[in-house]
Amino acid sequence: MSRELEILDRLKKAYPEARIALKFENPLQLLIATILSAQCTDERVNQVTPELFKKYPDARAFAEADLEELAQDIRSTGFYKQKARYIKEACRILVEKYGGEVPKSLEALLELPGVARKTANIVLANAYGIVEGIPVDTHVRRLARRLGFTQEKDPDKIERDLMRIIPREDWAVIPYVLQAHGRTICTARKPKCDRCPVRDLCPSAGKDLA
DNA sequence: CTCCCGATAT
DNA sequence: ATATCAGGAG
């Protein structure tokens, strides 16, 4: 087995429970929650969304929301004015072009404001089971670079490198496995290499870098 | 590259 | 006190 596949195998075994942490009951809720999760923990998003989804039950409700009020409703997730604008405008487009439904294609999702490949991949995979790519967030980016899976910095280029290395059946779970490892062991600041299950396969082990 | 911004770790 | 964080747009 290649070094890369051995790493993936060990990490999957180390974090067998790893999966999406965002709470949602339908594709629209997942889309909104994922937009909110930018630069914010899923845990905090989950503190805001139950109330939010009660107040705004569908895309039309978000599209017709008062912008200032919506912003206050999501305030604690940070970047709240931006996110409120993205959500309102995205939902306006959903109502206008897709009957209030969340479209099932990458291209259509990428048309929405506040939605790039990371968000689109998460929504497609977890709401519809459609796997077209690998969501690259900061955890995935940091670990992919530390593990020597890529030298790139641009998320889209990192995604391409990962799609070459990782078997397609793992594309949907791998971000959650990497996030779990990134939160617990391979942290941004002081990675706990002494407790890492892939230490012997990691080119960055013991080093003190990004 | 800069801006958006509150919450949390250090 | 302040550095950094589950992104994306201009």
Side-chain angles (χ1 to χ4, degrees), chain A residues 11 15 17-24 29-52 62 67-94 102 106-127 132-147 149-150 152-160 162 171-192 195 208-210:
Chain A
L11 290 180
Y15 308 97
E17 311 283 276
R19 57 179 175 79
I20 189 163
L22 293 171
K23 290 183 197 162
F24 65 98
Q29 291 188 356
L30 177 58
L31 175 65
I32 305 293
T34 308
I35 291 174
L36 290 177
S37 74
Q39 291 291 299
C40 173
T41 62
D42 286 357
E43 194 184 343
R44 175 144 302 280
V45 173
N46 288 338
Q47 289 172 12
V48 169
T49 47
E51 286 267 345
L52 189 71
F62 279 112
L67 197 54
E68 311 300 325
E69 192 177 336
L70 177 56
Q72 286 311 309
D73 292 334
I74 61 173
R75 189 169 187 280
S76 69
T77 64
F79 296 169
Y80 59 93
K81 289 180 183 174
Q82 284 272 21
K83 288 174 181 175
R85 261 182 258 123
Y86 291 156
I87 290 170
K88 183 175 163 87
E89 175 62 9
C91 285
R92 192 191 63 72
I93 294 173
L94 292 186
V102 177
L106 200 51
E107 306 75 62
L109 285 169
L110 294 176
E111 299 287 327
L112 303 173
V115 179
R117 292 190 61 91
K118 181 255 176 180
T119 300
N121 278 326
I122 286 182
V123 170
L124 281 181
N126 295 283
E132 296 196 26
I134 299 173
V136 177
D137 57 34
T138 57
H139 284 306
V140 173
R141 171 186 148 130
R142 181 178 73 253
L143 296 230
R145 289 171 54 80
R146 281 185 180 163
L147 290 166
F149 288 178
T150 183
E152 302 289 349
K153 291 189 173 178
D154 175 64
D156 289 3
K157 292 180 180 172
I158 293 176
E159 184 181 355
R160 268 179 230 123
L162 292 179
W171 287 5
V173 263
I174 215 63
Y176 304 110
V177 171
L178 294 184
Q179 283 163 20
H181 190 236
R183 278 202 311 271
T184 54
I185 307 283
C186 198
T187 49
R189 327 236 182 140
K190 295 177 185 170
K192 302 160 180 61
R195 291 201 275 136
D208 195 32
L209 255 173

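Per chain, numbering begins at 1; letters A, B, ... match sequence-line order.
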Report the C-alpha separation of A:Phe24 and A:Val123 in whole Å, then their side-chain angles, then the decisive distance to 0.1 Å, and conclude whether the side chain to side chain contact (heavy atoms under 4.5 Å, CB included) test is met.
CA-CA 11 Å; A:Phe24 65 98; A:Val123 170; over 6 Å; no

Name the residue closer to the 5' end of DNA chain C, choosing between A:Pro113 and A:Cys40 according to the nucleotide with the nearest heavy atom.
A:Cys40

Nearest-nucleotide 5' precedence on DNA chain C, A:Gln179 against A:Leu110:
A:Gln179

If you draw a 6.0 Å radius around CD in A:Gln72, do more than 12 non-hydrogen atoms from other residues or ligands fall strictly inside?
yes

Do other residues, nucleotides or ligands put more than 12 heavy atoms under 6.0 Å from the CD atom of A:Gln47?
yes

If I take atom [atom1] in residue [X] and atom [atom2] in nucleotide [N], what distance separates them, rounded to the nearest angstrom?
X        : N     : atom1 : atom2 : answer
A:Glu68  : B:dC5 : CD    : P     : 11 Å
A:Phe79  : B:dC4 : CZ    : C1'   : 5 Å
A:Tyr15  : C:dA6 : OH    : P     : 14 Å
A:Glu43  : B:dG6 : CD    : C1'   : 15 Å
A:Ile87  : C:dG8 : CD1   : P     : 13 Å
A:His181 : C:dA6 : NE2   : P     : 15 Å
A:Lys83  : C:dA9 : NZ    : P     : 13 Å
A:Arg117 : C:dA9 : CZ    : P     : 13 Å

When you measure from the side chain of [X], which nucleotide among [options] comes out closest?
X        : options              : value
A:Arg142 : C:dA6, B:dT10, B:dC4 : C:dA6
A:Arg44  : C:dA6, C:dC5, B:dA7  : B:dA7
A:Arg75  : B:dG6, B:dC4, B:dT10 : B:dG6

With a 4.5 Å limit on heavy-atom distance, are the side chains of A:Leu94 and A:Leu112 in contact?
yes

Cation over ring face, A:Arg19 and A:Tyr176, 6.0 Å, 45°
no

Hey, is the side chain of [X] poking within less than 4.0 Å of OP1 or OP2 on [N], counting only N and O atoms?
X        : N     : result
A:Tyr80  : B:dG6 : yes
A:Ser76  : B:dG6 : no
A:Thr41  : B:dT8 : no
A:Arg189 : C:dA3 : no
A:Gln39  : C:dG7 : yes
A:Thr77  : B:dA7 : no

Would you mind classifying the nucleic acid contact of A:Leu178 as base, sugar-phosphate or nothing, using non-hydrogen atoms under 4.0 angstrom?
nothing

Name the nucleic acid region contacted by A:Val45, choosing base, sugar-phosphate or nothing; use a 4.0 angstrom heavy-atom cut-off, strictly under.
nothing

Quantified in whole Å, what is the [atom1] atom distance between nucleotide [N] and nucleotide [M]?
N     : M     : atom1 : result
C:dG7 : B:dA9 : P     : 16 Å
C:dA1 : B:dC4 : P     : 24 Å
C:dT2 : B:dC5 : C1'   : 15 Å

Go through the structure and list residues passing salt bridge (Lys or Arg N to Asp or Glu O under 4.0 Å) with A:Asp73, not counting sequence neighbours.
A:Lys55

